[in-house]
Amino acid sequence: MSPHATAQHFELIDLHPAPTDVSKAVIDGLNRSPKQLPAWLLYDRQGSALFDAICEQPEYTLTRLEKDLLGTQAQAIAEALPTGCLVVEFGAGSAEKVSPLLDAMHEPSYLAIDISAEHLQEAGTRLQERHPSIPMLGICADYSQPLDLPLPKAWQSKPMVGFFPGSSLGNFEPDAAINFLQRIRQLLGEKAQLLIGIDQPREPSLLEAAYDDNAGVSAAFAKNLLRRLQRDLAIELDPEPFTYQAAWQPEHQRIAMALVANTPQTWTIGASRIPFAAGEALMTEYSYKYAPIDFLDLAAQAGWQGSQRWCDADDHFSLHLLTQGDDARMNA
Ligand SMILES: C[S@@+](CC[C@H](N)C(=O)[O-])C[C@H]1O[C@@H](n2cnc3c(N)ncnc32)[C@H](O)[C@@H]1O
């Protein structure tokens with residue numbers, strides 16, 4: 001494994017969960033009450049393309065706000081980072097947001113982690129063409145599970161900065177978010193920093209529209225999950241009698257996204273039969289929103305402390321730069 005500075009080829013290491021692990025995650029999720037599948041299952045090749053289309057919808061302002069912030073603040077952010085550091089992006093998606101940062105940084109290297117292998121290969125190839133002199137590598141893996149980074153030797157002593165944009169931390173429930181932040185603290189090393197994009201609570205109608213756009217792209221994104229289960233896991237199901245819903249739940253400060261069965265039905269997975277009652281929900285994804293003070297409290301419980309924050313003019317979206325703290329609760 002040798003990410004070459006001048007090659008246009010973007011190397012990808014595939015550590016995607018094995019089919020048996022994917023089946024197990026699905027069966028476990030369908031046996032929960034309410035039924036709930038891990039959000040990463042939304043991202044097969046088609047799901048990733050649909051997510052990119054969601055980012056273009058007028059209601060989904062998050063991506064535009066974060067891209068604008070990264071564009072205008074890249075220099076300020078880069079000044080806070082050491083020369084020669086390795087940017088480790090969690091859930092890189094189309095890997096566009098990191099580009100201005102890489103331009104502004106001094107001698108960076110870049111590692112992209114994502115569950116969606118083909119999309120990551122394509123995104124990484126485009127990014128490598130745009131930044132031919134920056135060493136890059138991709139890893140297809142599930143970052144919600146403990147992860148070892150198979151780093152090239154030349155990268156092992158580099159200072160690291162984690163990059164976690166898209167408010168994707170909001171897909172974790174709060175305890176799992178703390179757990180994830182603790183794990184990446186250990187993964188990145190004690191001198192590491194973390195740049196993380198966090199969407200904030202605001203008018204519920206705006207949030208609900210962002211996750212259930214008029215053009216129906218968010219609904220298509222959720223329904224693609226059912227097609228993926230049919231195709232990849234040979235689950236016998238009918239995707240049609242499900243309706244997509246996205247609701248703001250103020251008691252949890254989250255948008256809850258679900259596919260709701262319009263009529264009773266049964267899915268067949270091998271020898272198992274999974275019944276759905278009429279009106280029963282399959283939770284596909286949560287998106288927790290955090291005011292800056294609440295996010296910093298959560299991060300402190302994982303041993304991170306805020307060092308800088310950048311936000312848009314309306315203070316709807318924040319980029320937090322975190323360093324390692326000594327919070328006594330971090331090992332609780
Ligand atoms: C909400 S999208 C954000 C994409 C991009 N970072 C952005 O900000 O526009 C989440 C991304 O994380 C990836 N992802 C979601 N869950 C993941 C997991 N558990 N492990 C690895 N990648 C994951 C998805 O494939 C997708 O590209």
Side-chain angles (χ1 to χ4, degrees), residues 12-17 21-22 25-26 29 36-57 60-71 87-102 110-124 126-127 138-149 162-173 176-177 179-181 183-184 187 194-199 210-211 213 217-218 221-222 224-225 228 246 254-255 257 284-289 317-320:
L12 183 74
I13 299 175
D14 194 350
L15 305 176
H16 192 280
D21 296 331
V22 180
V26 169
Q36 181 185 349
L37 294 179
W40 60 262
L41 278 169
L42 291 160
Y43 295 93
D44 61 353
R45 186 180 199 154
Q46 177 68 5
S48 294
L50 284 164
F51 178 75
D52 286 348
I54 289 174
C55 295
E56 301 290 316
Q57 299 309 303
Y60 197 80
T61 54
L62 186 160
T63 300
R64 286 183 288 281
L65 291 179
E66 191 173 32
K67 276 188 171 170
D68 284 353
L69 265 182
L70 283 161
V87 180
V88 179
E89 181 168 4
F90 297 89
S94 60
E96 288 177 0
K97 290 177 180 171
V98 75
S99 200
L101 203 54
L102 294 177
Y110 175 68
L111 173 68
I113 302 171
D114 203 287
I115 196 71
S116 190
E118 292 139 317
H119 197 73
L120 177 57
Q121 180 73 65
E122 289 161 11
R126 278 195 306 272
L127 192 72
I139 299 182
C140 172
D142 174 8
Y143 61 54
S144 68
Q145 298 300 315
L147 190 63
D148 277 328
L149 295 181
F163 181 46
F164 195 30
S167 207
S168 295
L169 187 75
N171 292 147
F172 290 106
E173 294 184 52
N179 188 285
F180 170 77
L181 290 172
R183 273 196 301 103
I184 62 170
L187 186 73
L194 176 64
L195 181 67
I196 181 165
I198 298 291
D199 201 18
Y211 291 90
D213 54 273
V217 187
S218 298
F221 174 65
N224 177 61
L225 168 64
R228 172 183 198 178
R254 71 185 182 194
I255 290 277
M257 286 158 270
T284 55
E285 202 180 3
Y286 291 124
S287 184
Y288 283 80
K289 306 296 171 186
F317 189 91
S318 294
L319 273 173
H320 293 267

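For ligands, and for the atoms within them, numbers begin at 1 and follow the listed sequence. Positions are given from 1, in the same order as the sequence printed here.
The backbone of A141, and not its side chain, has at least one atom closer than 4.0 Å to an atom of ligand 1 (non-hydrogen atoms only; backbone = N, CA, C, O). Using a 4.0 Å cut-off between heavy atoms, K97 contacts ligand 1 through its side chain alone, with no backbone atom that close. By the criterion of a heavy-atom distance under 4.0 Å, the side chain of S168, and not its backbone, is placed next to ligand 1.
When the heavy atoms of G91, A112, G93 are ranked by distance to atom 6 (N) of ligand 1, first place goes to G91. When F90, F172, Y143 are ranked by how near their heavy atoms come to atom 15 (C) of ligand 1, first place goes to Y143.
Partners of E118 by salt bridge (Lys or Arg N to Asp or Glu O under 4.0 Å), not counting sequence neighbours, listed by chain and number: R45. Not counting sequence neighbours, the partners of R228 by the salt bridge (Lys or Arg N to Asp or Glu O under 4.0 Å) test are D232.
Annotation for ligand 1: atoms under 4.0 Å from non-hydrogen atoms of D142 are 18 (C), 19 (N), 20 (N). For ligand 1, the atoms lying closer than 4.0 Å to a non-hydrogen atom of W40 are 16 (N), 17 (C), 18 (C), 19 (N). Taking every non-hydrogen atom of G166 and a distance limit under 4.0 Å, the qualifying atoms of ligand 1 come out as 8 (O). In the vicinity of A92, heavy-atom distances shorter than 4.0 Å reach the ligand 1 atoms 5 (C), 6 (N).
On a distance-only criterion, F51 and ligand 1 share no N/O pair closer than 3.5 Å. The shortest N or O to N or O distance between S116 and ligand 1 is not below 3.5 Å. Taking distance alone, with nitrogen or oxygen atoms compared against 3.5 Å, S94 stays at or beyond that limit from ligand 1. Ligand 1 has no nitrogen or oxygen under 3.5 angstrom from a nitrogen or oxygen of I113.
Considering only heavy atoms from C-beta on, L147 comes within 4.5 Å of L149 through its side chain.
Outside the 6.0 Å centre-distance limit, the rings of Y211 and F221 are not counted as a close aromatic pair.
The aromatic rings of F180 and Y143 lie tilted to each other, with the angle between the two planes from 30° to 60°.
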